[in-house]
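A short worksheet on the structure shown next.
Not measured: the values here are computed from a predicted model.
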Amino acid sequence: METANFSSLSCEEFCRALASKAPVPGGGGASALAGALAAALGNMVGCLTVGKKKYAACEEEMQACNERAGQLRERFLALIQADADSFAPLAAVYRLPSATPEEKAVKERQLQAALKEACVVPEQIMECCMETLSLIEVYEAKGSVMAVSDAAAAALLCGSALTAAALNLRINAKSMADREWAEGLLARMEQRIAAGEAQARKIYERALAKL
C-alpha cells in the first residue's frame with residue numbers, strides 16, 4: 001500500500017487527509033506533527049533570545065538548543081511519514097486469508113511480527129518528545145521572558161504528543177501473544193508518560209507564574 005508523502009503536505013492538505021476515512025494519517029501522524037510544532041515553538045523562543053544583551057550569558061546554550069530543536073523538528077516531520085508507512089505491513093496482514101488452520105497459523109505469525117514492528121515509530125515519537133521537553137525546559141527557564149507563554153504552549157503540545165503516541169503502543173500491545181515483550185514495552189511507555197507529563201506540567205506552571 002503506497003501512501004502520499006504526508007510530511008510535505010501543507011497544513012490544509014494534511015488536515016484534509018487526516019479528516020478523511022483513509023487509515024493514514026492517523027493518531028500517530030498527528031502526534032508527530034504536534035511534536036514538530038512543539039519543537040518549532042521552543043525554537044522560536046530561542047531565536048527571540050539569541051543576540052540579546054540581556055541573555056548573553058546563555059547565548060551558546062541557546063544556540064545549541066536551537067540547533068537540536070531544528071533537528072528534532074525535522075525528525076518529527078519524518079516520523080509523520082514513517083508512521084503512515086509502518087501501517088502498510090500491518091494492514092496487509094489483516095487482509096491475509098484465514099479459512100484453513102494453515103492459513104490461520106501463517107496469518108498469526110505474520111501478525112505478531114507486524115505488531116512489534118508497528119511499535120517502532122510510536123516509541124521513536126515518544127523518545128523525541130522526551131528530548132524536546134528537555135529543550136523546552138531550558139527555553140522556559142533561560143529564554144526571553146517576552147516568549148514565556150510560547151514555551152508553556154510548547155510544553156503542553158509536547159506532553160500531549162507524548163501521551164497520544166502511546167495510544168498506538170497500547171492498542172498494539174493488547175494483541176501481542178508475547179506478553180513478556182508487550183509488558184516491557186508498556187513499562188517503558190508508562191515511565192515516559194509519567195516523567196514527560198510531570199515535566200510538561202512543571203514547565204507550564206513555572207511559565208504561568210511569570211505571566
- prompt: How about Leu111 and Leu90: do any of their side-chain heavy atoms sit closer than 4.5 Å?
  reply: yes
message: If I take atom CD1 from residue Ile125 and atom CG from residue Leu169, how far apart are they, to the nearest 0.5 angstrom?
response: 9.0 Å
message: Looking at Gln199, is its backbone amide N or carbonyl O close enough to the side chain of Tyr204 to form a donor-acceptor pair, meaning the two atoms are under 3.5 Å apart?
response: no
task: Could you tell me whether a side-chain N or O of Glu108 sits under 3.5 Å from a main-chain N or O of Lys104, the two making a donor and an acceptor?
output: no
query: Roughly how far, to the nearest 0.5 Å, is the SG atom of Cys128 from the CG atom of Leu79?
result: 5.5 Å
- request: Verify the neighbour count for atom CD1 of Ile171: are there more than 12 heavy atoms of other residues, nucleotides or ligands below 6.0 Å?
  value: no
query: Just wondering, do Val50 and Glu59 contact through their side chains at under 4.5 Å, heavy atoms?
result: yes
task: Output yes when a side-chain donor or acceptor of Ser7 lies under 3.5 Å from a complementary backbone atom of Leu77, and no otherwise.
output: yes
- prompt: Taking all atoms of both residues into account, what is the closest heavy-atom pair of Leu18 and Ala30, and its distance?
  reply: CD2-CB, 4.3 Å
message: Given 3.5 Å as the limit, does a donor-acceptor pair link the side chain of Thr132 with the main chain of Ala39, or not?
response: no
- prompt: Same cluster or not: are Leu211 and Leu156 linked, directly or through other Ile, Leu, Val, Met, Phe, Trp or Tyr residues, by side-chain heavy atoms under 4.5 angstrom apart?
  reply: yes
- prompt: Between Val138 and Cys65, which heavy-atom pair has the shortest distance, and what is it?
  reply: CG1-SG, 3.8 Å
query: Hey, is the main chain of Asn172 close enough, under 3.5 Å, to the side chain of Ser175 for a donor-acceptor pair?
result: no
- request: Could you please spell out the steps behind the side-chain contact (heavy atoms from CB on, under 4.5 Å) verdict for Met126 and Ile193?
  value: CA-CA 9 Å; Met126 294 187 77; Ile193 289 176; 3.8 Å; yes
query: Got more than 12 heavy atoms from elsewhere within 6.0 Å of CD, Glu74?
result: yes
field: Leu185 side chain near Cys119 side chain, heavy-atom distance below 4.5 Å
entry: yes
- request: Evaluate the side-chain proximity of Arg170 to Glu190: yes if any heavy-atom separation is below 4.5 Å, no if none is.
  value: yes
field: Residue pair Ala155 / Ile203: nearest heavy atoms and the distance that separates them
entry: CB-CG2, 3.7 Å
message: Please check this pair: side chain of Lys107 against backbone of Tyr94, looking for a donor-acceptor N/O pair closer than 3.5 Å.
response: yes
message: Quiz question: by atom type and distance under 3.5 Å, do the side chains of Thr163 and Glu197 form a donor-acceptor pair?
response: yes
message: Can you confirm whether more than 12 heavy atoms, excluding those of Lys116, are under 6.0 Å from its NZ atom?
response: yes
task: Begin from the C-alpha positions of Phe76 and Ile80 and carry the test side-chain contact (heavy atoms from CB on, under 4.5 Å) through to its verdict.
output: CA-CA 7 Å; Phe76 275 123; Ile80 295 174; over 6 Å; no
query: Roughly how far apart are Asp83 CG and Asn168 CG, rounded to 0.5 Å?
result: 6.0 Å
query: If you group Ile, Leu, Val, Met, Phe, Trp and Tyr by side-chain heavy-atom gaps below 4.5 Å, do Leu115 and Leu167 land in one group?
result: no
statement: Separation between CG (Leu162) and OG (Ser31), nearest 0.5 Å, reads 9.0 Å
Worked verdict on Arg201 versus Glu205 for side-chain contact (heavy atoms from CB on, under 4.5 Å): CA-CA 6 Å; Arg201 188 70 190 178; Glu205 290 180 350; 2.9 Å; yes
message: On a heavy-atom basis, which atom in Ala153 and which in Leu41 lie closest, and how many Å separate them?
response: CB-CD2, 3.7 Å
field: Any side-chain heavy-atom pair of Met189 and Glu123 under 4.5 Å
entry: no
- request: Check whether Leu186 and Met176 end up in the same hydrophobic cluster, where Ile, Leu, Val, Met, Phe, Trp and Tyr are linked by side-chain heavy atoms less than 4.5 Å apart.
  value: yes
- line: Smallest heavy-atom separation, Ile136 atom then Cys158 atom, equals CD1-CB, 4.1 Å
- request: Might you point out which heavy atoms bring Arg73 and Ala40 nearest each other, and give the distance in Å?
  value: CD-CB, 3.8 Å
query: Do Gln81 side-chain atoms and Phe6 backbone N/O form a donor-acceptor pair below 3.5 Å?
result: yes
field: Residue pair Lys210, Glu140: steps toward the salt bridge (Lys or Arg N to Asp or Glu O under 4.0 Å) verdict
entry: CA-CA 10 Å; Lys210 297 178 183 179; Glu140 187 282 325; 2.9 Å; yes
query: Could you give the distance from CG (Leu72) to CG (Asn43), rounded to the nearest 0.5 Å?
result: 9.5 Å
- prompt: Using a distance-only test with no angle check, is there a side-chain donor-acceptor pair under 3.5 angstrom linking Gln63 and Glu67?
  reply: no
task: Answer yes if Leu157 and Leu48 sit in the same cluster of Ile, Leu, Val, Met, Phe, Trp and Tyr residues linked by side chain heavy atoms under 4.5 Å apart, and no otherwise.
output: yes
- request: Would you sort out whether Arg206 and Val148 count as a side-chain contact (heavy atoms from CB on, under 4.5 Å), showing the intermediate values?
  value: CA-CA 9 Å; Arg206 198 165 59 190; Val148 68; over 6 Å; no
Check: Asp150 main-chain N/O paired with Tyr139 side-chain donor or acceptor under 3.5 Å: no
field: Flag for Gln71-Arg68: side-chain donor and acceptor within less than 3.5 Å
entry: yes
- prompt: Hey, quick one: are Leu133 and Met44 part of the same hydrophobic cluster, counting side-chain heavy atoms closer than 4.5 Å, chains of contacts allowed?
  reply: no
message: Can you tell me how far apart CD (Gln112) and CD (Glu117) are? Round to the nearest 0.5 Å.
response: 13.5 Å
